[in-house]
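Note sheet for the following structure.
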Number of protein chains: 2
Amino acid sequence: MSNQFGNKLRELREQQNLLLRQVAPLLDVDTPMLSKIERGERQAKKELVMRLAPILKAKADELLTLWLADQIAALAADEEVGLQAMQVAEAEVKYQKTKKKKK
Amino acid sequence: MSNQFGNKLRELREQQNLLLRQVAPLLDVDTPMLSKIERGERQAKKELVMRLAPILKAKADELLTLWLADQIAALAADEEVGLQAMQVAEAEVKYQKTKKKKK
DNA sequence: TTATATTTGTCATTATTTGGCAAGTCATTA
DNA sequence: TAATGACTTGCCAAATAATGACAAATATAA
């Protein structure tokens with residue numbers, strides 16, 4: 001599997017010389033949980049990603065992008081038609097964007 | 001929401017002059033369930049998509065593509081970074097394809 | 001060894017999904 | 001107006017999956 005998000009977390013955390021047990025409490029999760037998130041064994045919630053960004057001095061959007069990308073990739077990866085489906089989905093999303101936001 | 005998959009089902013079914021109550025039993029689901037699937041209120045399982053294809057005289061791949069696309073679009077649609085994430089995910093999936101299937 | 005960092009495994013709880021039924025609407029026909 | 005046929009809605013219990021926490025197991029280092 002892919003886990004660009006978790007890899008980025010770890011990279012940023014190590015760059016900052018932070019330990020799992022230092023970061024985890026700031027997020028109200030325990031250390032094993034954060035470890036699992038970094039390794040892609042568990043999925044972070046969006047809200048956790050948001051809280052993580054400032055701690056790792058990263059842009060929330062950047063992290064969110066990787067976080068979402070992993071989920072999309074997981075869906076597409078185990079299907080033969082994965083790439084085609086992504087094309088169709090992309091067109092779909094672009095189209096929705098045009099017709100005003102529906103809240 | 002989008003539901004290209006369900007729309008296609010309905011289109012094909014009507015082209016064939018088949019009724020929900022005729023098709024549903026062939027799939028071992030009840031009529032309301034098939035109705036919900038067509039309207040995108042419920043998600044079909046992959047296996048059902050496969051069984052549906054011959055009944056509607058469609059290519060399984062074509063239906064699978066729409067089916068997957070809807071799921072991907074649903075993920076990407078409610079995020080600001082949806083489109084970016086799809087780009088990243090696409091690169092991710094393409095990359096995985098190169099390094100042999102890991103079954 | 002001892003100490004510290006991370007990972008693994010398991011588990012109960014909670015949340016989400018699933019499939020089905022009963023009843024509903026809507027349109028058409030008798 | 002009734003009755004019929006096609007489809008939809010609402011609801012629920014059962015199955016399934018996700019979540020968070022903990023203890024214990026591995027490193028890794030001193």
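What you see below is based on every heavy atom in this structure, not just the backbone, and it leaves out hydrogens, waters and symmetry mates. A quick note: this is a predicted structure, and the numbers were derived from the prediction, not measured. Letters go in sequence order (proteins before strands), and every chain restarts at 1.
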### Query
Say you draw a straight line from CG of B:Asp28 to CE of B:Met33; how long is it, rounded to the nearest 0.5 Å?
12.0 Å
### Separation of B:Leu27 CG from B:Leu48 CG (nearest 0.5 Å)
5.0 Å
### Query
Does the A:Arg10 side chain pair with the main chain of A:Glu38, one donor and one acceptor, at a distance under 3.5 Å?
no
### Query
When we call it a touch if two heavy atoms are under 4.0 Å apart, what does B:Arg21 touch: a base, just sugar-phosphate, or nothing?
sugar-phosphate
### Task
Mark yes or no for whether A:Thr65, through its side chain, and A:Asp61, through its backbone, hold a donor-acceptor pair below 3.5 Å.
yes
### Task
State the pairing partner of C:dA30; accept Watson-Crick or G-U wobble contacts with both distances under 3.5 Å, and report none otherwise.
D:dT1
### Summary
The side chain to side chain contact (heavy atoms under 4.5 Å, CB included) partner of A:Met86 among B:Gln87, B:Glu90, B:Lys94 is B:Glu90
### Query
D:dA6 C1' sits how many Å from B:Glu38 CD, rounded?
12 Å
### Query
In whole angstroms, how far is the C1' atom of D:dC7 from the CD atom of B:Gln22?
13 Å
### Summary
Nt span of DNA chain C in reach of chain B heavy atoms at under 4.0 Å, 5' end first, is C:dT18 to C:dA22
### Message
Restricting to non-hydrogen atoms, name the atom on A:Gly6 and the atom on A:Asp70 that form the minimum distance, rounded to 0.1 Å.
### Response
N-OD2, 4.3 Å
### Task
Mind calculating the distance between CD (B:Glu41) and C1' (D:dC7) to the nearest angstrom?
12 Å
#### Entry: Interatomic spacing from CD in B:Gln16 to CG in B:Leu19 - rounded to 0.5 Å
12.0 Å
### Message
Between the side chains of B:Lys45 and B:Glu47, is the shortest nitrogen-to-carboxylate-oxygen separation below 4.0 Å, so that they form an ion pair?
### Response
no
### Message
Any side-chain to backbone donor/acceptor pair from B:Arg13 onto B:Leu18? Under 3.5 Å, distance only.
### Response
yes
### Task
To the nearest 0.5 Å, tell me how far A:Gln22 CD sits from A:Thr31 OG1.
10.0 Å
### Query
Is there a residue in residues 6-16 of chain A whose heavy atoms reach under 4.0 Å of DNA chain C, and which residues are they?
A:Arg10, A:Arg13
### Query
Do B:Trp67 side-chain atoms and B:Val49 backbone N/O form a donor-acceptor pair below 3.5 Å?
no
### Task
Could you encode protein contacts along nucleotides 12-29 of chain D as a string, one character per nucleotide from 5' to 3', using B for base contact, S for sugar-phosphate-only contact and - for no contact, with a heavy-atom cut-off of under 4.0 Å?
-------BBBBB------
